[in-house]
Enquirer: 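Below you will find the structure I want to go over with you.
Lettering of chains follows the sequences in order, A, B, ..., and the numbering in each one begins at 1. The structure presented is a predicted model; accordingly, all values stated were derived computationally and were not measured.
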Amino acid sequence: MSNAVSAARPLAPVTRRPTFKWGPVFDHAILIAGSAFMLVPVYLAFMTSTHDAVTVHTGGVQALPGGSLVDNYATVMFDGLGFSGAVNGTTMMLNSLILGLGFAVGKIVLSMMAAYAIVYFRFPLAEFAFWAIFVTLLLPLEVRILPSYEIVQSMGLINTYTGLIVPLVASATGTFFFRQFFKSVPDELIEAARIDGAGPLKFFLDILLPLSRTMIAAIFIIMFVYGWNQYLWPTLITTNEDYFTLVRGIKQIIQVWVGSQIPEYGQAMALAVLAMLPPVIVVVVFQSWFIKGLTESDK
Amino acid sequence: MDKVRFGHSIVPYLFLLPQMAVVAVFFYLPAGEAVRSSFFLEDPFGFSSTFVGLDNYADVLSSTEYRRVAIFTVWFTVLVALFALAIALLLAVKADTVLRGAKTYRTLLMWVYAIAPPVAGLLGILLFDQHVGPFVDIASWFGWNLRIGVNYYDTAFAMIATAVWYQVAVNFIFFLSGLQSIPRAVREAALIDCRSGLRRFFTVTLPLLTPTAFFLLVINVTYALFDTFGLIDLMTKNEPGNNPVTLVYKVFLDGFRGNDLGGSSAQSVILMIVVFALTLVQFRFMERRVHYA
Amino acid sequence: MARLHIDQVSKIYTGTQRAVDAVSIDVDDGEFLVLVGPSGCGKSTLLRMIAGLEAITEGAITIGERVVNDLDPAARDIAMVFQNYALYPHMKVYDNMAYGLRNRGIARDEIDRRVREAATTLELGPLLERKPRELSGGQRQRVAMGRAIVRNPAAFLFDEPLSNLDAKLRSHMRVEIKHLQRSLGITSVYVTHDQLEAMTLADKLVVMNAGKVEQIGAPLDVYERPASTFVASFIGAPAMNLIPFSALGDDGRLGLRDATVATIGFRPQDIIEVANDNEDGDGLSLRFVVDAVEPVGSESYLHGKVGAERVVVRIDGRAPHREGDRIGIAVPSERLHAFDADGRRLEGWRTPDAVGDAGTAMRKTRAT
Amino acid sequence: MARLHIDQVSKIYTGTQRAVDAVSIDVDDGEFLVLVGPSGCGKSTLLRMIAGLEAITEGAITIGERVVNDLDPAARDIAMVFQNYALYPHMKVYDNMAYGLRNRGIARDEIDRRVREAATTLELGPLLERKPRELSGGQRQRVAMGRAIVRNPAAFLFDEPLSNLDAKLRSHMRVEIKHLQRSLGITSVYVTHDQLEAMTLADKLVVMNAGKVEQIGAPLDVYERPASTFVASFIGAPAMNLIPFSALGDDGRLGLRDATVATIGFRPQDIIEVANDNEDGDGLSLRFVVDAVEPVGSESYLHGKVGAERVVVRIDGRAPHREGDRIGIAVPSERLHAFDADGRRLEGWRTPDAVGDAGTAMRKTRAT
Amino acid sequence: VTEISWWHAMGGALGETVNEIATNFNASQDEIVLTPVFKGTYEETLTAGIAAFRAGEQPNILQVFDAGAATVIGAKGAVKPVQDLLEDAGASFDIEDYISGVRYFYADSHGKMIGMPFNSSAPIMYYNEEALEKAGVEAPKTWEEFEQIAPKLKQAGYIPLVQSHLTWEFTENFFSRHNLPFATNNNGYDGAEGTKLLVNTDGLKMMFAKLAAWKEDGHFEWYGTGWGDNQTPFEQGKVALWVGSSGSFGGLTKSATMPFGAVPLPYWEAIAGEDGYQSFIGGAALFAMAGKSEEENKATAKFFEYLTSPDVQLMWHKSTGYVPVTNAAYELAKQQGYYEETPQAEIGIQQLNMKAGEWTRGYRMGFYVQIRDVMNREYGKLFTGETTVDEAFKTIEAEGNQLLERFAKTGS
Ligand SMILES: Nc1ncnc2c1ncn2[C@@H]1O[C@H](COP(=O)(O)OP(=O)(O)OP(=O)(O)O)[C@@H](O)[C@H]1O
Ligand SMILES: Nc1ncnc2c1ncn2[C@@H]1O[C@H](COP(=O)(O)OP(=O)(O)OP(=O)(O)O)[C@@H](O)[C@H]1O
Ligand SMILES: O=P(O)(O)OC[C@H](O)CO
Ligand SMILES: [Mg+2]
Ligand SMILES: [Mg+2]
């Protein structure tokens with residue numbers, strides 16, 4: 001656990017002699033197979049999203065492009081989906097963004113503060129607080145969803161972004177990650193800061209916060225994706241179509257009780273592809289930070 | 001040496017307050033409510049309820065179906081964690097070895113992480129569809145009549161495959177960073193000490209990855225237990241029939257779908273107890289995690 | 001700038017074990033105090049108590065006129081340089097130096113002036129806009145120094161500030177630190193386990209052992225009159241040869257007056273080679289069998305034995321000796337050290353007339 | 001045990017820059033070769049090419065009779081000791097040592113015998129069941145050594161194996177390594193940038209600079225007859241004083257024969273203090289102004305200037321000098337080194353009769 | 001203006017039709033603004049409604065499906081019976097206006113209508129015209145007839161029979177088509193206390209023994225519990241006869257690759273006699289939630305009136321395939337000649353209008369969603385050879401009765 005904030009060690013593979021070897025070919029074969037394993041479904045989703053519903057219904061997923069690309073995407077992006085017509089792909093994406101961002105930011109703020117208190121302070125209730133928070137680590141919202149709903153409703157938070165986001169924040173994952181990270185921050189920094197006249201608040205803001213940048217980035221991605229992907233809770237907690245999210249939109253499209261109707265598979269896939277985009281962009285753009293953040297937390 | 005700490009004042013409480021408040025209101029209150037209602041049989045609308053003591057627990061624990069679900073849950077969890085970890089480890093090791101294209105592979109292998117579980121499930125049902133699913137065709141080349149939704153084991157297979165597919169990305173990310181934190185010199189020492197790459201992997205690399213692996217094991221177990229919820233919902237098309245489901249899904253089925261509050265609360269409480277035990281075990285590992293060097 | 005007064009200070013971490021045990025030290029205004037001692041002897045703990053980073057279990061520490069036991073680190077008016085610098089990795093060099101001043105609400109102009117002045121002194125001028133990770137080890141070290149200097153504190157505290165540097169840089173920085181401390185005249189406490197640093201930097205040297213002070217004194221005094229076998233073997237490289245008095249055989253010529261002598265010590269560089277069995281003079285004459293020869297350029301070390309005791313001899317220049325050689329060695333009597341059974345130094349252990357100045361004469365024929 | 005033959009070996013990492021540039025070195029069976037040089041000069045790269053951890057861009061490396069360029073590291077029959085030991089953190093000491101043997105399919109009994117033997121030699125016996133994290137730095141170092149020894153390889157490779165240890169332990173381990181290598185008689189290549197290690201360990205010393213070999217020779221030869229100003233300033237501590245010939249003023253007494261002399265060098269310890277303006281003898285006589293005095297116990301260093309040139313003078317014992325003192329210094333003529341404008345050593349640069357043996361006489365009156 | 005809300009489970013194109021109805025209603029007057037909200041599956045919608053009710057945030061109208069009826073109707077005070085709602089609002093209400101099959105399913109034991117049938121369907125049998133032609137047979141009226149033609153259909157290269165919902169089509173409606181009691185306590189209408197399932201009985205066991213035997217012989221195929229998994233092979237033309245919902249009609253016209261027709265769900269002549277009885281309605285009803293102001297209830301009543309008006313019913317019927325719930329709407333459809341062009345669309349409503357019997361009103365059982373889950377599970381085991389008919393129904397009876405017993409306790 002040397003210097004947690006130094007640049008991550010660059011990939012330093014052990015180099016070998018230059019004569020041709022089958023090893024690397026084999027390595028690449030495995031990686032290509034692995035990439036295909038991960039990507040083919042996504043490719044098929046995209047191709048399928050360019051077909052009309054009946055083709056998909058009778059023919060299943062499609063491997064080749066079809067003629068409904070513009071149609072499907074234009075429909076899901078701009079046509080009103082719900083009753084009010086106020087909600088379309090664009091607004092749903094906006095809602096998903098608010099949910100993802102709000103959740104990620106809320107989670108990071110709360111859990112960072114809590115982790116800071118737990119790691120950097122000696123106080124009587126520290127142990128208790130630690131366990132009180134960490135017990136929440138493994139119990140998902142789905143299992144306590146009805147009582148949670150009642151509480152949110154009794155607080156008048158139905159159909160609000162607060163009601164949508166805050167209850168999701170009530171778990172310890174972020175606190176846990178930050179705690180691990182803070183433990184790896186060298187002690188000398190807090191000592192130096194104390195000698196430099198920084199109190200707890202100043203240390204937190206001036207030193208710890210900037211130091212946690214990569215960790216924040218990593219957690220941000222994890223949490224953003226998690227928030228973005230919520231389904232059951234948003235469905236329950238919002239009745240106003242203005243709050244519909246993309247994931248919910250997908251469900252609504254493919255949700256048909258009997259075979260009386262054919263789900264708009266093409267549109268669902270189009271929406272699914274759109275729903276992938278922002279998280280994928282976030283992951284791809286921040287991936288180096290991401291790896292770095294995790295590596296450091298793991299030390 | 002222990003972390004240098006600030007003395008105690010009002011500050012730590014202020015920092016803890018927001019999270020504690022949220023946790024208290026949105027975790028402990030509902031969890032407490034679940035515990036309370038596990039002792040009652042209650043009309044869903046809340047007009048009336050009967051105190052039944054431990055009857056709900058007795059009903060649940062004596063149910064053969066519950067036992068079947070519990071056993072499947074164990075298998076499902078073990079297999080999902082095992083495969084998701086093994087495949088990700090293989091890929092991470094390879095991605096760590098190759099020089100050329102390392103970044104591309106990394107990107108390709110990671111981005112599945114961004115896909116919403118319902119989308120993953122949707123892809124899963126389309127790919128495994130009995131009539132038009134390409135995977136069914138592929139299976140039939142090998143003489144395997146893959147029938148998801150009909151055959152219990154085939155359905156289990158599809159669920160596991162989809163769950164693994166989705167989790168591989170996360171594991172890959174963590175394993176890759178774990179690998180990168182193994183000191184280069186140690187790897188080189190092994191290179192000198194041992195010619196066989198496979199043997200090197202099992203005797204040096206893998207043991208040094210155990211902290212990461214332990215951590216991931218817990219993450220994966222949690223994932224398999226809880227986060228596959230949406231996927232199972234989609235794969236069983238909301239109608240489990242004789243298809244396999246997990247304990248959490250059963251809580252959902254009986255409580256959310258079936259409106260049996262008492263019964264599902266009892267199941268929740270049982271899960272909570274199991275989960276609490278798991279948490280304890282996890283922290284045993286985490287805190288005493290082998291701190292090398 | 002201030003006096004520093006450490007009065008019967010002890011530290012108990014847990015149980016009853018004293019990491020620091022009733023230590024009393026006075027550091028004068030502007031003085032450079034060096035704490036040396038083996039690993040775990042309590043140096044850092046003592047320093048951190050001065051800094052306010054550890055609570056003081058017993059005793060009192062006074063900086064200037066104030067007892068600081070209950071003061072916050074920031075309120076003690078001290079600056080500290082850490083072993084691994086503890087620079088704030090996310091701040092530029094400038095901000096690293098300015099941070100402590102800003103927290104004290106000093107005016108921007110004044111901060112700027114002080115930082116630039118320190119940067120000039122430390123030749124950090126062109127680096128002010130860099131981040132720590134863009135600096136070499138020596139430069140980081142200088143920034144850490146700069147952060148301390150700008151504060152113009154009552155005292156500097158250093159905890160092995162050079163131990164992460166390579167040998168060359170270390171010797172360079174050593175000179176720089178000494179120079180700076182001199183010119184600023186700030187009272188300093190410096191922890192190290194490197195002897196060369198201890199000897200060259202200290203105005204006053206404190207040798208610690210197992211939480212206790214073994215000896216306090218000017219470095220050369222400590223070197224020349226070590227208060228105990230512990231200090232004798234700790235200060236000086238190669239270490240002083242320590243031989244049980246009994247192993248010397250009866251050696252009347254030493255003119256023993258004090259019967260409690262248990263150990264005789266002499267430094268490798270105080271030994272001279274003498275012609276076979278030359279038993280003249282009033283020093284110690286011994287037979288030495290060479291085991292190994294270590295030529296180091298300007299001098300050579302002979303490792304070998306006197307009787308059953310291991311002894312190291314230093315020879316100027318290139319030694320002509322080979323393994324297995326048997327040679328006569330002698331130590332002028334005034335270069336001998338004697339210790340009692342507890343390892344305490346004995347003074348006046350010889351009869352006065354036995355203490356001649358033959359030694360000086362003998363030096364002229366030192367082996368080369 | 002085997003000869004090691006490095007033939008015109010180069011390493012290009014990227015582009016055209018040569019990290020190692022056409023290096024040729026022969027290491028005899030059982031010989032101890034030390035590579036020294038400043039940071040980044042290619043020492044590690046060369047060592048790693050020998051180990052098989054880096055591909056060889058050009059040239060050939062032969063261990064024993066085999067060209068090993070295309071062999072796996074594990075097939076080269078070498079053992080390597082790394083800077084930070086690179087012990088397997090998850091294995092006990094015993095297993096750390098046994099690991100390389102097990103992978104070679106050696107019988108259990110034989111492994112056990114060898115490990116225990118090595119453990120005895122290295123005094124690791126009681127530690128065999130510990131994990132590396134439960135060991136002190138010196139103990140870890142010994143385990144790393146043990147891991148190499150049990151293999152009984154054709155060659156040992158060391159990459160700064162002692163640089164993470166503290167000074168005391170370092171000097172102790174130095175002696176141990178030398179002793180072990182001697183008794184096992186295994187061909188060794190040792191990388192360091194610590195001079196003392198280089199001087200005391202080497203049978204043959206290679207000084208590298210910017211990927212090239214500057215000088216190969218016995219350590220004392222290198223010390224006494226440095227092939228270039230680079231070597232002269234690199235080997236010996238404090239470094240040799242190097243003064244432009246022109247700065248000396250016309251100094252006929254040096255009896256210059258070779259007009260290409262550009263730099264004159266002399267070591268701090270070869271300087272003697274002479275009475276004021278004593279211009280006798282045929283050596284160099286200079287006026288020296290003391291800037292700083294560094295007493296180190298057995299000797300003191302005077303830092304100061306001759307004209308505008310910085311010069312360091314070593315004085316045995318405690319120096320009586322103070323800052324500002326002006327003293328006369330002299331260097332016996334046979335202790336002078338001369339270099340041409342390219343920094344290459346010049347031999348026979350003086351007229352034969354100017355080379356007297358006055359120096360030896362003068363030594364007797366060296367300042368103390 | 002009075003604002004009222006309607007939570008429904010109509011996804012996809014159905015949801016769009018719902019939206020259209022709401023839009024039209026809002027446009028038809030200016031005192032009431034109705035907002036429909038899609039809340040997921042039937043189950044999710046019901047749970048959302050319950051949760052909302054507990055918190056006092058319930059919608060005015062909640063769509064509840066057949067299997068959830070007992071939950072809503074059983075909780076006295078959760079809903080305002082439509083009959084009362086309409087009467088209080090001064091609207092005329094006559095249960096006889098509704099077609100026979102839908103009248104009592106959502107009514108209490110006294111025959112008072114509690115929930116208003118909305119999207120009503122009946123299980124009917126679709127046939128592949130090509131297949132029948134190739135085998136030279138007619139669509140069966142009874143299962144006995146089916147047994148006759150099945151070998152021929154198989155011979156012709158078709159899977160003779162497939163269904164999509166074993167509990168609704170072959171269990172619940174088995175009881176109604178044959179006028180047999182499904183549960184004690186008057187099919188549960190007389191109260192939850194002591195209600196017991198009558199599934200472990202000869203008739204139903206015979207039905208499933210037959211299905212299992214047919215499956216052995218290759219006369220019946222089962223593709224799991226999922227509706228679509230069973231429908232698809234029919235659309236693909238591999239299956240001769242498929243039992244689906246009358247509401248499947250709209251979709252089939254788009255997706256079927258061959259001409260198809262429909263007949264009523266077959267029955268066993270040996271049990272039911274000459275003609276079968278009418279079937280229970282499928283689909284869902286709209287419930288007016290209790291605890292709403294007079295004004296809002298009035299508005300809700302207005303909307304119900306609007307919804308049951310023949311024009312609206314017909315539009316719903318035509319665009320979704322669900323049956324019209326009032327006689328007037330049925331008449332209107334006939335009048336317009338709709339069934340001449342599309343005779344298949346009439347089968348469902350005909351079946352719902354067949355002769356009624358003592359046991360054809362409906363059933364009322366708590367935790368019925370879970371009972372269906374138990375049935376589906378056991379049927380799945382049966383068709384994959386993991387259990388026998390006897391074992392299966394013993395289990396269904398035992399677990400079902402346990403659930404009923406538990407439900408009974410929630411009400412006291
Ligand atoms: N936080 C702590 N809790 C308990 N014991 C401690 C703590 N810090 C130090 N010690 C113990 O106190 C003793 C003195 O430690 P200290 O760090 O002062 O030694 P040191 O002289 O600085 O050694 P080094 O040269 O290795 O830095 C040691 O035995 C150490 O194990
Ligand atoms: N993997 C690499 N890729 C590119 N350049 C490298 C690599 N490894 C080393 N170099 C470069 O090669 C040169 C020689 O490096 P090397 O590590 O051999 O130096 P060294 O003599 O061992 O230095 P030190 O004393 O600091 O260990 C340096 O300029 C270094 O930057
Ligand atoms: O498909 P539906 O809407 O007719 O309903 C079928 C069943 O009755 C649902 O329980
Ligand atoms: Mg220390
Ligand atoms: Mg190196």
Enquirer: Are there over 12 heavy-atom neighbours, none belonging to D/Glu134, within less than 6.0 Å of that residue's CD?
Expert: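 Atom CD in D/Glu134 is packed in, count exceeds 12.
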Enquirer: Side chain, backbone, both or neither: which part of C/Arg174 has a non-hydrogen atom closer than 4.5 Å to chain D?
Expert: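 The side chain, not the backbone.
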Enquirer: Taking only Lys NZ, Arg NE, NH1 and NH2, and the carboxylate oxygens of Asp or Glu, determine whether C/Glu294 and D/Lys178 approach each other closer than 4.0 Å.
Expert: no
Enquirer: Roughly how far, to the nearest 0.5 Å, is NE2 of D/His179 from NE2 of C/His303?
Expert: 12.5 Å
Enquirer: D/Glu224 versus chain C, heavy atoms under 4.5 Å apart: side chain, backbone, both or neither?
Expert: side chain
Enquirer: Other residues, nucleotides and ligands only: do more than 12 of their heavy atoms fall within 6.0 Å of CD on D/Glu309?
Expert: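 For D/Glu309, atom CD is crowded (more than 12 foreign heavy atoms under 6.0 Å).
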Enquirer: Regarding D/Arg182 and C/Glu323, does a basic nitrogen lie under 4.0 Å from an acidic carboxylate oxygen?
Expert: no
Enquirer: Identify the two heavy atoms, one from D/Pro295 and one from C/Leu220, that lie closest to each other, and give their separation to 0.1 Å.
Expert: CB-CD1, 3.5 Å
